[in-house]
Structure formats: structure tokens, C-alpha cells
2 protein chains.
Amino acid sequence: MTPAPDRADRPPRPLTDYPRPSVAVDTALLTIVDGSLGVLVVRPANEPRGEWRLPGTFLHEGETLADAVRRSLAQKAGIHGIEPRQLHVFDDPARDDRGWVLSVAHAAATPAERIPAEPRTRVAAVDRLGELSPMKFDHDDIVRTAIARIRDDYAVRPDPWHLLRPGSGDADETEATTRTGAAGGADAAAEPAGSFTVLELRTLHEAVLGRPLVRDTFRRAMLPHLEPTGRVRRGTRGKPAELYLRA
Amino acid sequence: MTPAPDRADRPPRPLTDYPRPSVAVDTALLTIVDGSLGVLVVRPANEPRGEWRLPGTFLHEGETLADAVRRSLAQKAGIHGIEPRQLHVFDDPARDDRGWVLSVAHAAATPAERIPAEPRTRVAAVDRLGELSPMKFDHDDIVRTAIARIRDDYAVRPDPWHLLRPGSGDADETEATTRTGAAGGADAAAEPAGSFTVLELRTLHEAVLGRPLVRDTFRRAMLPHLEPTGRVRRGTRGKPAELYLRA
DNA sequence: GTAATAGTGTCTATTAGACACTATTCG
DNA sequence: CGAATAGTGTCTAATAGACACTATTAC
């Protein structure tokens, strides 16, 4: 934007002459817990019995909204490497009793292993959101909007928000993440970093969407967006599954 | 939003102790000109040779973003009755050389008859956007985002942004807006306010989408979302078309 | 071998588009 | 009546889901 001060041709006054709002960011950080979507909520230190809320902070000078989101998640929950997506600006002038505060709502996602246990944070299953409601401010709305957005994205593309465990980094070694086939030489059959089976992908999508998906239809819909690695998952029951990467 | 000042439990300082950005709104006002999408651009009075830009203004205290959009369109282009939709916050700290300015981009739409001719405004066809580029700030991006958004919405629903001439108001009486059938009593066959034919609706959607639509498929896709009025358009060639309202 | 899981062929129901046919008006 | 436009029946191609069949492993 950047309008002339008003209609008439007055000499421009510096921007600081006009009242300005505080700008905050609030983030619905989504993850998978117990096979379904969850959202990270926090309770501030000075209100140990207060309402749950989403992690947020005020935007600092010279800072990007995405950076403010990353800073708030790092500070309040020890979470790093987040790629936030803007949802909506909540602008009711009376929404915050401390003054004029706009909130830019964001959504983000990270695997549960990346969320450290902390005393004042909690991951709540989104189908049990009522147990926390009403959340502070308009945070219930933000969570609903975030869920709608991630479900929309997962309807078409494989894991667009990167909830599968990343190949690099310090992710815990769960079940069958890295294994070497019994046959063949040492790690000639090692799994490519970040690769996954179609079953893992479908299980993730079912968790995000909150409903079962048809096995063969899902595979056929996703294959065009996947790149075969030529490797297979070893050490499981049944026919070994092929490993894929996002195309 | 609405974080504790920082991690430690300091007594809260008033919000005004922290630096705050200016917040602006910029609006891509879309309309139909010559059978295709157009966008309203303005040139400020003090830069008659400068770059074209979208109408915008700074957010005033106690004001809603939507109200700021309406105020800027009324002031800069004499347009009223707009229902803006939020698109995205542009937050590059260096995007405005006058200082720290966030811009909340919006999209809106109105029939061309509602846009008065003014000296410093112009409606540019979006497929000739290159002729104005580069626009000031990130306004090219905003226009592109607005077009994507309106096209998305028009793919599924009949005229969701209300670009058809409204039934009430002072819209000019173009072609066949209100007519009385030759047969029957006086205005027993008058057209219900705001009703339209499927042809009018399809022509509008083709203009928005920028591509021709299949006649019968479009009708079958839209009929479930339309409410028949029982009246027909009179005074045209061929079989009279039924008049519908949005369901 | 059996159990288990991965991957695929194929049938069916649904839907978008193509196309042609019928319906109703004006002149 | 013919021209023009609205509205509809129906065929076809593409697609999602259902279902069953084959493939390949562990045990």
C-alpha cells in the first residue's frame, strides 16, 4: 500500500505521527499424536490456571512475520526449523484488552518428535478441542482455520507440510527408520534419507484428514507426485514396500 | 497473539513501549471490462507521471481492516458498498522506503457501472497488466494473488463475489434489466430484483475465468445453486430464458 | 508350506464434455 | 414459415472406489 496521507495535497508527515497498532503473530502448530492431528497450546507462566492459548509474540522491528513465528516457537516451546504459513489477520479493535493489537494468525506443522516436553506446553488432539475451549482471544478460530487449511493441502499432494520425519537432523530412530537388509553387502541396501513407503504416507494423510483413505486409490493418486528410489523397506512382514521421495 | 513480554516474569510494560509498524491496506478491486477481468489502479496526485498502484490507505485507530479498505476506495475512487476479502500480509521490512510498513493485501469486486470515471484512476485489463508493470511496491503480486483467488471461487459457485448488477441500488438500466411482457397484465411479469439468466451468469464466469465454458455443463453445474423465480426474460430473440436468483 | 503385506488388473458408478435433438419465442 | 436462443437426452472418456487377484517377503 502506501497511500498519500489523505485526499488533499498536504506535505507528507512522517509515518510516526499517526497512531499505529501493535502487531502480534499467533501460531497453530499442528502435529500428529496417537494417529490424529494435534495442536500445541501453552499457558503463560504468570497465569498457571488461565486459559490455554496458542504460542505467539509481538512483531519486532525489522523482523519478518515468519521470523517472529519462529522466534515465538523457539522461545516458548523449544521448536526449531518451522515453515509457517499465513492464515488471516484478526483485526477486531477490541479483541485484546491491553490495547490495539492486530494478530496475524499462522499455521505450521512439525513431527511430534521435534516437540520437546515442557512444563507449560501441551499438545491437544484437535478432535478433543472442546476440552480446552474457550481458548484465549480468538484462538479457537485460528485452530479451526489451520485445520481446514492443512486438510485442504493434504487432499491433493503428498505430505506438503513435511510431517514425515526428515532425512537429516536428529530425529529419534523409531521402528524401521534405517535398517540394512539381511542379504547383500553392508549398507548397499540402506534407505535413502527422507524416503518413505506409501503405507507411511497414507497413514499420515489419514491422521491429518481424520478419515480412512482407500488404499489403492490413494496409491494411484500419489504416485505421479512421488519419485521411486529403487530401494525397498527391509525387515518387515510381507512383501517389502518400495521407498519413495517427494518428486 | 498476545504473548508475555518475553520469557522471564517481568512486570508487563505497556504495549506502547515497543516499536510498532504502520499498517496499511491495499486493494485489488476487480471488475469486468470488455468481457474480461480488469483491476482498478490509481496514480497519486503528487506524482502524475509515477508508477500506477493499487488504492490503499493506512489503518486508523479503532478501525477494522475492511473499513480501511472501504474508506480508501470511497476516498480515492468514489466506490461504495465493497466487501473486501483478505489475501496476504506483505511484511518485508524494507518494502516501503518511508519506514516500517506492513501491507494487508485485499481483493474485492464490483460491477463496472459502480466505478465512476475519475482523473487519477484507471481500470486496466488484467491480461494487459504488463503495460503498467512494474507497479509500485509489491502491487503486481497482489493483483496476481487476487486473480487466482477470484478464479478459484468462480470455478464452483455462481457469482460468489456479486459482480452481477445488484437488484437494489442505483445501477444504470442497461439492456434488458427490467421489462414487462407483452402479454399478461401490467407488471405481473416483471423481473424479480437481482434475477439473471444462465447466459448472463455464464458470460460473467467466462470473463472472470478468462476462458470459454461449456454451455450445458455450466448450466448443470450451477443449477443446484440457483433458485428458479418462475419468471422469464422477455423481449429477446429466441426462446425466453428463465430467471434465477442465487439459492 | 502359511500369514502378511505390497502392488495391480478390472469392473462399476459417477461425472464432464460433446453433440444433437426438442422447445419456444420473434419477425 | 425460418432464425435464434433455451433447455435436455444421451453417448463417451476419464476417474474414484470396490474387489479380487498376483507378488514377495518372514517365519
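Convention: sequence-line order gives letters A, B, ...; per-chain numbering from 1.
- One N or O on the side chain of A/Thr229 and one on the backbone of A/Arg231 form a donor-acceptor pair closer than 3.5 Å.
- In this structure, B/Arg149 and B/Arg85 approach most closely via the heavy-atom pair NH2-CB, 3.9 Å.
- Taking atom CZ of B/Arg219 as the reference point, atom P of C/dA20 lies 20 Å away to the nearest angstrom.
- When distances run from any side-chain atom of A/Glu242 to the nucleotides C/dG7, D/dA6, D/dA18, the shortest one goes to C/dG7.
- A donor-acceptor contact under 3.5 Å links the side chain of B/Arg215 to the base of D/dG7.
- Of the candidate nucleotides D/dT5, C/dA18, D/dA16, C/dA18 has the atom lying nearest to any side-chain atom of B/Val214.
- For A/Arg237, counting side-chain heavy atoms from C-beta on, the closest listed nucleotide (D/dT5, C/dA3, D/dT8) is C/dA3.
- Of the candidate nucleotides D/dG7, D/dA16, C/dA6, C/dA6 has the atom nearest to the side chain of A/Leu199.
- Put simply, the side chain of A/His139 gets close to the backbone of A/Leu54: a donor and an acceptor are under 3.5 Å apart.
- For B/Thr217, the listed nucleotide lying nearest its side chain is C/dG17; candidates were C/dG17, C/dA3, D/dA23.
- Counting distance only, with no hydrogens placed and no angle test, the side-chain atoms of A/Arg220 and the base atoms of C/dT10 include a donor-acceptor pair under 3.5 Å.
- Looking at every heavy atom in both residues, B/Arg114 comes nearest to B/Pro116 through O-CD, 3.3 Å.
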